[in-house]
Amino acid sequence: QVQLVQSGGGLVQAGGSLRLSCAASGSRFSINTMGWYRQAPGKQRDLVARITSNGSTNYADSVKGRFTISRDNAKNTVYLQMNSLKPEDTAVYYCKAVVSFGSVALYQYWGQGTQVTVSS
């Protein structure tokens, strides 16, 4: 069992910054890929950014150059630094971890979500 606990988020003005954190806890697991997703009202949950265990990253086109994903493997924590925020970034942000338990099989776990609201 793995739990993902998110922190950060809130209300900021356009052009401002926020940093989201997501810490994984449990036992007998290894985290492969971690990522951030977001879901705006009436829309699908979409990938924002992801990072592999080796540090390779991918970003949605809409956030490239503004958001940075990073991880601290020793702390089992992933971060999302969000700069130059825009109103269209407003959404509930979710952390996801792809986890293995010493086998080929992989399991997905989600954080509880946190609201990010960007005012104009």
Side-chain angles (χ1 to χ4, degrees):
Q1 296 182 354
V2 176
Q3 289 186 322
L4 302 179
V5 179
Q6 300 179 216
S7 61
L11 174 64
V12 297
Q13 294 182 340
S17 298
L18 284 173
R19 190 179 79 153
L20 306 181
S21 299
C22 175
S25 62
S27 62
R28 295 178 175 270
F29 73 95
S30 296
I31 301 176
N32 297 104
T33 300
M34 302 187 78
W36 291 95
Y37 293 71
R38 67 187 182 187
Q39 187 169 22
K43 296 186 177 181
Q44 298 183 121
R45 185 177 298 184
D46 294 325
L47 175 70
V48 176
R50 60 176 171 234
I51 184 168
T52 71
S53 59
N54 293 325
S56 297
T57 59
N58 290 284
Y59 297 91
D61 288 341
S62 59
V63 306
K64 286 181 179 178
R66 300 188 298 118
F67 291 10
T68 302
I69 188 170
S70 62
R71 64 190 290 172
D72 185 335
N73 290 333
K75 298 180 179 180
N76 287 329
T77 300
V78 64
Y79 307 92
L80 185 67
Q81 179 67 46
M82 303 183 292
N83 298 327
S84 301
L85 283 162
K86 304 175 180 179
E88 49 263 45
D89 295 319
T90 295
V92 177
Y93 284 70
Y94 297 90
C95 172
K96 186 182 81 171
V98 179
V99 174
S100 65
F101 297 94
S103 68
V104 177
L106 300 175
Y107 301 85
Q108 296 183 353
Y109 293 88
W110 291 91
Q112 79 276 18
T114 185
Q115 178 71 45
V116 171
T117 302
V118 184
S119 62
S120 60

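Note: hydrogens, waters and symmetry copies are ignored here, and every other heavy atom, side chains too, is used. As the structure is a prediction and not an experimental result, all values here were calculated from the model.
- Panel note: side chain Gln6, backbone Tyr93; a donor-acceptor pair is recorded below 3.5 Å.
- With contacts defined as side-chain heavy-atom distances shorter than 4.5 Å, the pair Arg38/Val63 qualifies.
- Crowding of Glu88 atom CD: a count of heavy atoms from other residues, nucleotides or ligands under 6.0 Å exceeding 12.
- Note: the hydrophobic cluster containing Trp110 also contains Val92 (ILVMFWY, side chain heavy atoms under 4.5 Å, direct or indirect links).
- In this structure, OG in Ser25 is found 8.0 Å from CG in Leu4, a value given to the nearest 0.5 Å.
- Within the 3.5 Å criterion, the main-chain N or O of Thr90 finds no donor-acceptor partner in the side chain of Thr117.
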>> Is there a ring pair (Phe, Tyr, Trp, His ring centres under 6.0 Å) between Phe67 and Tyr59? Walk through the geometry before answering.
In response: CA-CA 8 Å; Phe67 291 10; Tyr59 297 91; 8.2 Å; no
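- You'll find the side chain of Tyr79 stays beyond 4.5 Å of the side chain of Thr68, heavy atoms only.
- With rounding to the nearest 0.5 Å, the separation of CD in Gln81 from CG in Leu20 is 9.0 Å.
- In Gln39, the CD atom is crowded: over 12 heavy atoms of neighbouring residues, nucleotides or ligands sit closer than 6.0 Å.
- No donor-acceptor distance shorter than 3.5 angstrom exists from the side chain of Thr33 to the backbone of Val98, with no hydrogens or angles considered.
- One hydrophobic cluster, built from ILVMFWY side chains closer than 4.5 Å, cannot hold both Tyr37 and Ile69; they sit in different ones.
- Hydrophobic clustering of Ile, Leu, Val, Met, Phe, Trp and Tyr side chains at less than 4.5 Å, counting indirect connections, unites Trp36 with Leu18.
- A side-chain N or O of Asn83 and one of Ser17 form a donor-acceptor pair less than 3.5 Å apart.
- For the pair Arg71 (side chain) and Thr52 (backbone), a donor-acceptor distance under 3.5 Å is present.
- A salt bridge does not link Lys86 to Asp89: none of the charged side-chain nitrogens sits closer than 4.0 Å to a carboxylate oxygen.
- Met34 is not connected to Leu106 by any chain of hydrophobic side-chain contacts under 4.5 Å among Ile, Leu, Val, Met, Phe, Trp and Tyr, and they are in different clusters.
- Residues satisfying the ring pair (Phe, Tyr, Trp, His ring centres under 6.0 Å) criterion with Tyr109, sequence neighbours excluded, are absent altogether.
- Note that the OH atom of Tyr94 and the OG1 atom of Thr114 stand 10.0 Å from one another [nearest 0.5 Å].
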